[in-house]
Amino acid sequence: MSNYYIYQDMKRCIGCQACEVHCKTKNDVQVGPTLCKIVGVGPRAGNGVPRINFVFMPCFHCEVPWCVSACPTGAMQKRPKDGIVFVEAAKCIGCKDCITACPWGAPQWDPTTGRAIKCDLCKDRLDEGLEPACVTGCTTAALKLISPGESTRLRREAFAKALVEKRFKF
Amino acid sequence: MADSSTKRVFSICAGCTVRCPIEVEVESGAVKHIWGNPHLLGGRYACARGAAQKATYSDSERVQHPMIRDGERGSGRWRKATWDEALDYVANKLKVIVEKYGGESVVLGDRGGPVTDLHKAFIKALGSPNYFNHHASCSSSVHNAHNAMAGQRRNTVAYDWKNCKYCILYARNIVESLATKEVKDFIDARENGMKVVYTDARWTYTAAKSDRFFMLRPGTDYAFNLALINVIVKEELYDKEFVNNWVLGMKELVAFIEPYTPEWAEKETGISAREIKEVAHDLAEAAPAVILNQGWMTARGEDDYYLRRSIYILDALLGAYEAKGGLLFNKNETHCGYKPLRKFAALPPKVDKKRFDGIGWKYKHLSADYGLGQMLPYAILNEDPYPVKAFICYRFDPLSAFPDPEAFKAGLMKLDLLVSVDINYSHTAWVSDVILPESMFLERTDPVIVKGGPKPALWLRRQAVEPRYDSRPKWWIIKQLAERMGIGQYFPYDTAEEMIAWQLQDMGLSLSDFDEKGYVALTKEPILFDRKQSLPFKTPSKKLELVSTMLEDNGIPSFPAYESPKSPPGGHYRLITGKVAVHTQGTSLNNIYLNELQPANKLWINKGEAEKLGLKAGDLVEVSNGDAVERGKLAVTEFIHPEVVYTLHGFGRQVPLQTRAYKKGMRDNTLMKGLLRVTIGGNCPIGDCFVKVRKASTDEKAKD
C-alpha cells in the first residue's frame, strides 16, 4: 500500500528550488535529470496582485504504477511494505518504457549511465527513520511527508479557513 | 541511524553572505550533505545555495594552489607556486611599498560582515587606516542614514519578523534574495496574518506573496513614504509616547511634510490617494508591530539616502523600535553579563592618518566602517590624497561588485602590488599578481563571531573536512603574512584552537562549548530594553534625530525638497538589477548544481515597450550604454515598469577557467559607465544607469 504522500503547502512555498538541490546532492544526480521539480505557473494577472503557483512535482508513487507494468526487466518495482516505486539500477536496460508510460514525467533519463532513475522518496533515509531530503531541507517547511489521508485533512482545513476568512469579516 | 563513519559538524555556511547556521554531514572524510542547524533554525532547512556547496568542495574549477602571474596583469598566464614562495612574494613587495610610501599606501578591501576582525587587525598593524568593504555598492546609504539619525549603523537593530503584523518592503525581494531564517520567519508571520506591502519597479516572487503590490517608477517610493508620513503626522496617528520620549525634530518634520499629501503622491506614484491613506491607517493600527524594511542592496539612485531616512522616520513615528514585532536592538555579550569577545583589531596601535577615500575629512557624515571603495581607482591614479600602491583584495571582487569595471581596473593596473585571496577565480583575482587560495568554508575554522539579536549568541564556523586542494584557512594566511611583515605579535596564536581560546579568554568559555549545538547561547531569555527609559541611541542628543546634528554640522540638509526622479532620456531605459534564490551575485554561477538551475540571465522588458521596439520574448538583444555593449536573451512581461529594464546581477563571467559560467549571459556592471561616484549616502548610484536596447544582428551568438 502507498503509505506516503509529500504534501506541499503552496502558501508557504517560495519557489526557491532548495528541494531540487537537496535531492540532487543526496541522490548524486548528474546534470540533466531531476527527480523532483518545482514548476512555476504564473505570474497570472487577475484581481489585484499577480500570483504565481509553484507546483512540486516528485513521483506520486502510484498504487497501480504504469511504469512498473511497462518495465520489461522487472527493474521498476513497487516495494511491498510501503508502496514506494523505485528502479533497481542493475536490472535497468535503458529501454525508456517507464518514461513513456508515466503520465507525469517522473522517471528520468540519466545520460551518464544510460538508465532510468526516479524518486524513491529517499527510501534509505526513510528506513533510518528520516524524511526525504527534499522535505528535510525545504527552506520554508512547505513540504511535509505525511499519509495520503492526512493530506486530505490538511487541504480541507486550509480550504475551510480560507473560505471563512474571505466570506466573513469578524 | 546514520552509518558509524558519519559525523555531524555544526558550522556557518558561506554559500552566500548571509551566514546561516548549518549542520554538515561528513561520511568517510567527504561532505555528504549540508543541512541547516536544527538547534538554531528549528529544522534542517537550508536553501539551494547552501545545499549546493557540496559541489564547491569537490570542484576542480576553483583555485587549487597559490598562483603567481607569469605574464602581463590580466593575461591569464600563471605559474603554480608554493605557499612560501607566494607569501614571500607578497611580503617582499609590501615591505618595499610600506618603506617608501608608508603604511597608508596599502589598502585592504573585503565584503564586510563579522568575520573580518583579522583583516582589520592586519591592515591596522601595517599602519594603514585604509580598510573598506563592498557596502558602497550595496547598503551604505542605509548604514549612513541610520548613523545620522540614530547614531548607529543599521545592523544594530534586527527585525522581529515572527511577531510582525504589518510590513512594507521597499524593493526588498525577501523571498528570492533570501536568508533562510528570515524568509522562514516571514512565511510564518504571513501565515499568522501579517500583511505585506511591497513596492518595486518589477514583479517578483515577493510581490506574489504580498497583499498590496505597487509597481513604481524607481525612486518614487520616496514620494509614497512622504505621503504616509503626511497622513500619520496630520491625523496624529503616530506613537505619541514614543515620539515624546525619543524623537527630536518633529516641528521641522511637520513643516517639511506639509505639501506632500496623498493627492500629491497619487500624481507622483500612480498609487491612489485612497490606498495611501489606507496603508497609513493600517500601519497605525498594527503599530508598533510593524516593519518598514530597508532591504540590503540599496545602492540605487543619487537620492537613495533620503528614501532610507524616510523609512526610519516611519519606523520611529510608529514606535517600532524595541517593540515586539518591530525593530529590536541587537544585544551583545555585556548585556548578558559576559565580558566581550576579544578582538584582534584592538591590538595594533591606533592609526592616525587620513583615509584614502575622504572619509573623516572630505566626507564627515559617512562611516569609515564601510569606506568608499569606489574612490580606490581615483586615489591610485591621481595619488590623491597620497600614493596608494598596494591593494589586498580579501574574498571580494570589486570588478564584479562595483559599477564600471573598466574604470576600476584602470586604477588597479597602476598598482605596484595587487593580491587576491579567494576561493574562486573572481574577475579581480584574474588581474592580480598573486592569488592566495583560501580554504572553502567546509574546510576551515574561522574566528568566533557574536550573533546579536534579542538573544545574543556566539557562532563558530568550524572545519568539517580536510582541504581538498593546496588551500589554507584565513587565520593561517593572515598570520603567515603578518610574521613576514614583522607584525606577527598581533596574532597571538599558532593554531585555530589557540586563536579561539584567545578570543574567548575573558568570557570563561572554550571551544568545546560549541560541540553540542554549534553555538553558545549567552542568555536563556530574550533581552529587551525599556522602551521608556533606556534605548541606546548614540546621537549627540541620545535621541532619534530627525534633524541630524551630523548632517547639519556638515552643511547637509535633513529635509531637502522632494525632487522627482529623472526619467530615462529618449530611447533609453533605466537598468535595474537583482537577485534570485539560486545564485549569490557572481560567485555561485560556476557551481554545478546552481549553474544547472540558472545558467544565464535575461533582460526583462515591458510588453508595450517590446512591441514598440519590434522585439519579442527570446530575441537576442544588444543592451548598450555608450561603448559598453552586452548581449543576451529578452524576456517580455507586463509586470515591469515601462521605464525600466531588469537583469540578474553577476553574470557574463570573463574567466575562461570557469568553464560553466564563462561568458554566459550579460555582465550588468560593465553597462554602468561613470557610476563610480559618491552620493550623499556614500553609495554608488547604481540604479542611475540608462541603456538602449535593440535587436542584435543575427550573426552574433547568444551567450547562453
Side-chain angles (χ1 to χ4, degrees), chain A residues 9-34 36-38 40-54 122 124-125 127-144 158 161-162 165 170, chain B residues 1-3 25 31-36 38 41-55 174-176 178 180-181 183-188 190-191 193 196 198 203-213 215 580-582 591-598 637-639 660:
Chain A
D9 185 339
M10 283 200 195
K11 276 192 161 178
R12 296 191 64 91
C13 181
I14 56 170
C16 74
Q17 293 174 287
C19 47
E20 295 182 39
V21 176
H22 282 287
C23 173
K24 282 221 158 196
T25 62
K26 188 275 164 186
N27 294 303
D28 205 15
V29 178
Q30 304 301 302
V31 172
T34 51
C36 66
K37 190 81 201 156
I38 290 284
V41 184
R44 301 176 318 280
N47 291 331
V49 181
R51 304 290 179 196
I52 186 169
N53 281 88
F54 303 109
C122 293
D124 53 335
R125 287 178 58 83
D127 292 344
E128 287 177 22
L130 303 168
E131 295 182 319
C134 56
V135 173
T136 303
C138 174
T139 308
T140 59
L143 298 179
K144 293 176 178 63
K161 205 173 159 218
E165 277 170 3
F170 294 103
Chain B
M1 283 316 294
D3 183 294
E25 242 181 287
V31 182
K32 188 181 174 197
H33 208 102
I34 300 167
W35 304 109
L41 299 174
R44 292 191 161 80
Y45 321 119
C47 82
R49 293 163 304 181
Q53 295 310 309
K54 180 182 172 181
I174 196 167
V175 162
E176 291 183 88
L178 71 87
T180 303
K181 183 168 190 312
V183 76
K184 166 95 173 18
D185 287 351
F186 174 81
I187 293 293
D188 285 347
R190 237 185 124 245
E191 198 167 278
V196 180
Y198 180 66
W203 177 89
T204 65
Y205 291 175
T206 303
K209 297 283 185 193
S210 65
D211 297 281
R212 293 179 198 256
F213 166 48
M215 196 165 81
V580 276
V582 298
N591 179 289
I592 194 162
Y593 297 117
L594 302 176
N595 183 272
E596 183 185 4
L597 291 175
Q598 181 139 25
T637 170
E638 59 196 289
F639 305 118
R660 297 167 214 119

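Residue numbering restarts at 1 for every chain, and letters A, B, ... go by the order of the sequence lines.
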### Query
Side chain, backbone, both or neither: which part of A/C23 has an atom under 4.5 Å from a heavy atom of chain B?
neither
### Query
Can you say whether B/K209 sits under 4.5 Å from chain A via the side chain, the backbone, both, or neither, judging by heavy atoms?
both
### Query
What residue, out of A/G32, A/G48, A/G129, has the most heavy-atom pairs lying under 4.5 Å from chain B?
A/G32
### Contact class of B/D211 relative to chain A, heavy atoms under 4.5 angstrom
backbone
### Query
Counting heavy-atom pairs under 4.5 Å to chain B, which of A/T34, A/D28, A/T140 comes out on top?
A/T140
### Query
Okay, side chain of A/E20, backbone of A/I38: is any donor-acceptor separation there less than 3.5 Å?
yes
### Query
Between B/I34 and chain A, which part of the residue has a heavy atom less than 4.5 Å away: side chain, backbone, both or neither?
backbone
### Heavy-atom contact with chain A under 4.5 Å, split by part of B/R190
side chain
#### Entry: Contacts of A/K26 that satisfy side chain to side chain contact (heavy atoms under 4.5 Å, CB included) - sequence neighbours left out
A/C122, A/D124, A/R125, A/A133, B/H33
### Message
Quick check against the 3.5 Å criterion: does B/K54 have a side-chain atom that pairs as donor or acceptor with the backbone of B/K32?
### Response
yes
### Query
By a 4.5 Å heavy-atom criterion (distance strictly below it), what part of A/C16 contacts chain B: side chain, backbone, both, or neither?
both
### Query
Who among A/R12, A/Q17, A/Q30 has the most heavy-atom pairs with chain B under 4.5 Å?
A/R12
### Task
Mind telling me whether B/W203 and B/F639 have parallel, tilted or perpendicular rings, with 30° and 60° as the class edges?
tilted
### Query
Do B/R49 and B/N591 have side-chain N/O donor and acceptor atoms under 3.5 Å apart?
no
#### Entry: Part of B/Y593 lying under 4.5 Å from any heavy atom of chain A
side chain
### Summary
Turns out that what part of B/E191 lies under 4.5 Å from chain A's heavy atoms comes down to both
### Query
Between B/L597 and chain A, which part of the residue has a heavy atom less than 4.5 Å away: side chain, backbone, both or neither?
side chain
### Task
Determine yes or no for a side-chain-to-main-chain donor-acceptor pair under 3.5 angstrom, with B/R44 supplying the side chain and B/G36 the backbone.
no
